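For reference, the structure discussed in these notes is given below.
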Amino acid sequence: MPSADLCTEDEITFLVHSFYTRVRDDGQLGPIFDAHVRDWDTHLAKMVDFWSSTLRGTARFRGTPMPKHMALPGLSAELFGRWLALFDQTTATLPNVAMRERANDLARRIAGSLWYGYQMSKGTDALPVPL
């Protein structure tokens, strides 16, 4: 359950900015994100709103992540796994253990859901495979 007591907005901002610094520096994910994110300041602000909504219950996020991810070509379970690995590396630096655990749990659920939806959007007869 989201809770305003779980963490501060500053902690969320630190998480988001630290994570996307890792993503942008990553040899696999960096080029994908750089090709599709036109304005990093806007993207980061939107991601802070997203994580604030999911972790603290602020309900600030307005967006539809599924269609944006479905439109990306060539995603794979390995890329989603890399995203999760970078997220785990980032959250491992957080001193707030409760926030770290909740964020990691949510990240796994989100990645799994996006990967499932991505596979379904490709219209193959094969059953989706989990991450």
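What you see is a predicted model, and the numbers here were worked out from it, not measured in a lab.
Heavy-atom neighbours of Phe33 CZ from other residues, nucleotides or ligands within 6.0 Å: above the threshold of 12. Other residues, nucleotides and ligands contribute over 12 non-hydrogen atoms within 6.0 Å of the CE atom of Met66.
Seen from the ring of Phe50, Lys46 does not count as a face-on cation partner, given the 6.0 Å and 45° thresholds.
Atom CG of residue Leu84 and atom CG of residue Asn104 lie 8.5 Å apart, to the nearest 0.5 angstrom. If you take CG on Leu106 and CD on Glu101, they are separated by 12.0 Å, rounding to the nearest 0.5 Å. Put simply, CZ on Arg108 and CG on Leu131 are 10.0 Å apart, with the number rounded to the nearest 0.5 Å. The CG atom of Leu55 lies 5.0 Å from the SG atom of Cys7; values are rounded to the nearest 0.5 Å. Distance check, rounded to the nearest 0.5 Å: CD of Gln89 to OG1 of Thr93 gives 10.0 Å. Atom CZ of Arg109 sits about 11.0 Å away from atom OG1 of Thr54, to the nearest 0.5 Å.
The pair Asp25-Arg22 does not count as a salt bridge, with every side-chain nitrogen at least 4.0 angstrom from each carboxylate oxygen.
You'll find the side chain of Thr21 stays beyond 4.5 Å of the side chain of Ser18, heavy atoms only. Contact annotation: the side chain of Phe87 approaches that of Leu15 to within less than 4.5 Å [non-hydrogen atoms, C-beta and beyond]. With a 4.5 Å cut-off on side-chain heavy atoms, Ile12 and Met99 count as touching.
Apart from Val97 itself, the hydrophobic cluster it occupies contains nothing, where clustering links Ile, Leu, Val, Met, Phe, Trp and Tyr at side-chain heavy-atom distances under 4.5 Å.
The minimum heavy-atom distance linking Pro2 with Arg56 is given by the pair CB-C, 3.8 Å. When all heavy atoms are compared, the tightest approach of Phe61 to Ser53 is N-OG, 2.9 Å. Across Thr8 and Glu11, no two heavy atoms sit closer than the pair N-OE1, 2.7 Å. Smallest separation of non-hydrogen atoms from Thr58 and Ser52: OG1-OG, 2.8 Å. Minimum heavy-atom separation, Leu79 to Gln28: CD2-CB, 4.2 Å.
By the salt bridge (charged side-chain N to carboxylate O under 4.0 Å, His left out) test, Arg60 is found to be paired with Glu9, Asp49, residues two or more places apart in sequence or in another chain being considered. Residues passing the salt bridge (charged side-chain N to carboxylate O under 4.0 Å, His left out) test with Arg82 are Asp26, sequence neighbours excluded.
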Walk me through whether Val129 and Gln119 qualify under side chain to side chain contact (heavy atoms under 4.5 Å, CB included). CA-CA 8 Å; Val129 295; Gln119 293 175 87; 3.4 Å; yes
Taking it one step at a time, do Arg100 and Asp88 satisfy salt bridge (charged side-chain N to carboxylate O under 4.0 Å, His left out)? CA-CA 9 Å; Arg100 177 187 331 144; Asp88 286 345; over 6 Å; no
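Under a hydrophobic clustering in which Ile, Leu, Val, Met, Phe, Trp and Tyr are joined whenever their side-chain heavy atoms come within less than 4.5 Å, directly or via other members, Val16 and Leu94 fall into the same cluster.
With Tyr118 contributing its side chain and Leu72 its backbone, the two residues share a donor-acceptor pair below 3.5 Å.
Between Phe14 and Trp51, the ring centre distance reaches or exceeds 6.0 Å.
The aromatic rings of Trp115 and Phe80 lie tilted to each other, with the angle between the two planes from 30° to 60°. Between His43 and Trp40, the ring planes are perpendicular. Angles over 60° get that label, and only those under 30° would be called parallel.
None of Leu86, Val37, Leu44 except one satisfies the side chain to side chain contact (heavy atoms under 4.5 Å, CB included) rule with Tyr20; the exception is Leu44.
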